[in-house]
2 protein chains.
Amino acid sequence: MTSPRPSLDATQLGAYFALIEASSLLKHAVEQQLREAGDLSYVQFQLLATLGDSPTGSQRMTDLADGVVYSRSGLTYQAQTLEKRDLVTRTQSSDDERSTTVTITDEGRAVLATVFPGHIAVLDDLLFAPLSRSDIETLADILARARDHMRRTPPRSAAPRRRRKTTQAP
Amino acid sequence: MTSPRPSLDATQLGAYFALIEASSLLKHAVEQQLREAGDLSYVQFQLLATLGDSPTGSQRMTDLADGVVYSRSGLTYQAQTLEKRDLVTRTQSSDDERSTTVTITDEGRAVLATVFPGHIAVLDDLLFAPLSRSDIETLADILARARDHMRRTPPRSAAPRRRRKTTQAP
DNA sequence: GTGATGTGCTTCGGATTCGAAGCAACTGAG
DNA sequence: CTCAGTTGCTTCGAATCCGAAGCACATCAC
């Protein structure tokens with residue numbers, strides 16, 4: 001596992017706090033803009049954006065949930081509300097009866113388009129304004145590595161049994 | 001991909017997504033650890049940590065809310081639940097009758113101490129593991145600048161910045 | 001003083017969130 | 001084929017969250 005440590009040093013602490021604070025502040029600001037511009041919550045926007053970004057405009061529920069780091073039940077709820085507003089449709093997959101495919105509608109894309117300019121403006125003003133070109137590149141690189149690492153690191157405890165493969169049986 | 005006109009470039013988009021994703025993933029992981037180790041939500045931990053970090057162990061409600069980027073009503077709720085568990089106390093300020101001072105108790109500090117090692121372990125494993133010393137320094141620097149900028153940028157949606165200002169000596 | 005505002009916190013109502021449990025369809029070993 | 005275990009999604013209950021409204025104290029003109 002990990003070697004026990006009494007505490008983080010000042011730099012680590014600074015990075016951690018800055019990460020949490022900056023993302024919180026940004027999220028709040030963005031959320032407000034989205035609410036005003038298109039009556040969307042942040043998750044709803046993320047879902048629409050993810051779908052809009054997909055080549056087919058569709059995703060399975062589970063993949064969508066994993067993509068935006070969201071619980072499945074939470075996604076069910078949001079998919080329902082988006083469906084009520086006709087921003088997405090939900091259809092059964094033909095090859096797997098259990099699976100639901102969520103697809104963005106033209107109206108969904110329209111809302112996305114309405115909201116996007118303001119979204120970008122907020123990002124420019126709040127996140128990018130105080131950063132140089134090279135800062136942004138560096139930031140993207142470092143955070144991408146951290147994200148990728150977290151994505152591939154299994155959640156602590158509650159490990160679902162892997163019967164074989166790389167695991168050595170006790 | 002993304003729409004051509006009002007879009008961000010790939011690097012900006014990457015930085016933004018990585019920021020949101022990384023912080024979400026980290027927050028989820030930390031939240032789980034805190035729940036298991038000390039039955040604390042992330043906000044509750046943030047509040048205790050903020051108070052514990054304060055020289056007096058106390059803060060005004062409003063300052064506390066601003067510190068952790070949280071709504072006032074939300075803070076009232078959490079302060080109540082923390083008070084029920086005797087992790088903090090709430091007292092009226094003497095100089096301002098309206099003001100409530102929240103103070104961490106010894107028990108609160110104890111919980112904090114219980115939870116801290118695991119918290120750090122998660123950070124080490126998930127956030128810092130894939131990063132070099134210099135990465136962490138750079139990250140801290142860049143994000144601190146972004147955070148400071150956001151902190152000092154108008155928290156209100158008051159004036160839509162893209163509009164022409166009509167504010168001239170009323 | 002006195003009223004008009006401003007500030008600090010709580011209450012209220014409604015929306016959102018998650019984990020656990022439930023259901024149905026799939027899969028694999030025998 | 002058949003049964004046990006998985007997987008995909010939803011439902012359920014309870015916790016958490018926010019904004020708006022409300023209350024009480026403070027402060028500022030005058």
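The model shown is predicted, which means the values in this text are computed figures rather than measured ones. Note on naming: letters A, B, ... go to the chains in the order of the sequence lines (proteins, then strands), and numbering restarts at 1 for each one.
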**OP:** Check for a donor-acceptor pair, side chain of A:E31 on one end and backbone N or O of A:Y42 on the other, with a separation under 3.5 Å.
**Re:** yes
Original post:
Hey, does A:D63 reach any base, or is it just sugar-phosphate, or nothing, if we go heavy atoms under 4.0 Å?
Top reply: nothing
Original post:
With respect to the side chain of A:R98, which nucleotide from D:dT7, D:dT11, C:dT10 is positioned closest?
Top reply: D:dT7
Subject >> Selection from D:dC17, D:dT11, D:dG8 that lies nearest to any side-chain heavy atom of B:V43 >> reply: D:dC17
Original post:
In whole angstrom, what separates A:F45's CZ from C:dT16's C1'?
Top reply: 19 Å
Subject >> Whole-Å gap separating P (C:dG19) and CZ (B:R35) >> reply: 9 Å
Original post:
In whole angstroms, how far is the C1' atom of D:dC18 from the NZ atom of A:K27?
Top reply: 13 Å
Original post:
Hey, does the side chain of A:R72 come within less than 4.0 Å of D:dT10's phosphate (OP1/OP2), counting only N and O?
Top reply: no
Subject >> Nearest-neighbour nucleotide for the B:T76 side chain, D:dG8, C:dT10, D:dT10 considered >> reply: C:dT10
Original post:
Among C:dG19, D:dC9, D:dC18, which nucleotide sits nearest the side chain of A:S71?
Top reply: C:dG19
Original post:
Using the benzene-type ring in the case of Trp, are the ring centres of B:H119 and A:Y16 under 6.0 Å apart?
Top reply: yes
Subject >> Residue A:H28, side-chain heavy atoms: nucleotide from D:dC18, C:dT10, D:dA15 that is nearest >> reply: D:dC18
Original post:
Does OP1 or OP2 of C:dA15 have a side-chain N or O of A:Q78 closer than 4.0 Å?
Top reply: no
Original post:
Is any side-chain N of the basic residue among B:R60 and B:D96 closer than 4.0 Å to the acidic one's carboxylate O?
Top reply: no
**OP:** In whole angstrom, give the distance that lies between atom CG of A:L40 and atom C1' of C:dA15.
**Re:** 15 Å
Original post:
When you check the phosphate oxygens OP1 and OP2 of D:dT10, does a side-chain N or O of A:R90 lie under 4.0 Å from one of them?
Top reply: yes
Original post:
Between B:Y70 and B:D95, which is nearer to the 5' end of DNA chain D once each is assigned its nearest nucleotide?
Top reply: B:Y70
Original post:
Taking the side chain of B:S73 as heavy atoms from C-beta outward, which of D:dG19, C:dT16, D:dT16 is closest to it?
Top reply: D:dG19
**OP:** Choose from C:dT10, D:dC17, D:dA26 the nucleotide whose nearest atom is closest to any side-chain atom of B:E97.
**Re:** D:dA26
Subject >> B:Q80 CD - C:dC9 P separation (whole Å) >> reply: 13 Å
Subject >> Salt-bridge criterion met for A:D148 and A:R152 (N-O under 4.0 Å) >> reply: no
Original post:
OP1 or OP2 of D:dT16 less than 4.0 angstrom from a side-chain nitrogen or oxygen of B:Y77, does that happen here?
Top reply: yes
Original post:
Counting only heavy atoms not in A:D9, do more than 12 sit closer than 6.0 Å to its CG atom?
Top reply: yes
**OP:** Starting from P on D:dG8, measure out to CG on A:L75 and report it in whole angstrom.
**Re:** 13 Å
Subject >> Nearest-nucleotide pick for A:S99, side chain only, options being D:dG19, D:dA15, D:dC9 >> reply: D:dC9
Original post:
More 5' along DNA chain C: A:S41 or B:T101, using each one's nearest nucleotide?
Top reply: B:T101
**OP:** Could you check how far CG of B:D96 sits from P of D:dC25, rounded to whole Å?
**Re:** 11 Å
Original post:
Atom CG of B:L34 and atom P of D:dT16: how far apart are they, to the nearest Å?
Top reply: 13 Å
**OP:** Indicate yes or no: does B:R151 engage A:E21 in a salt bridge with an N to O separation below 4.0 Å.
**Re:** yes
**OP:** Please determine if a side-chain N or O atom of B:T62 lies less than 4.0 Å away from the OP1 or OP2 oxygen of C:dC9.
**Re:** yes
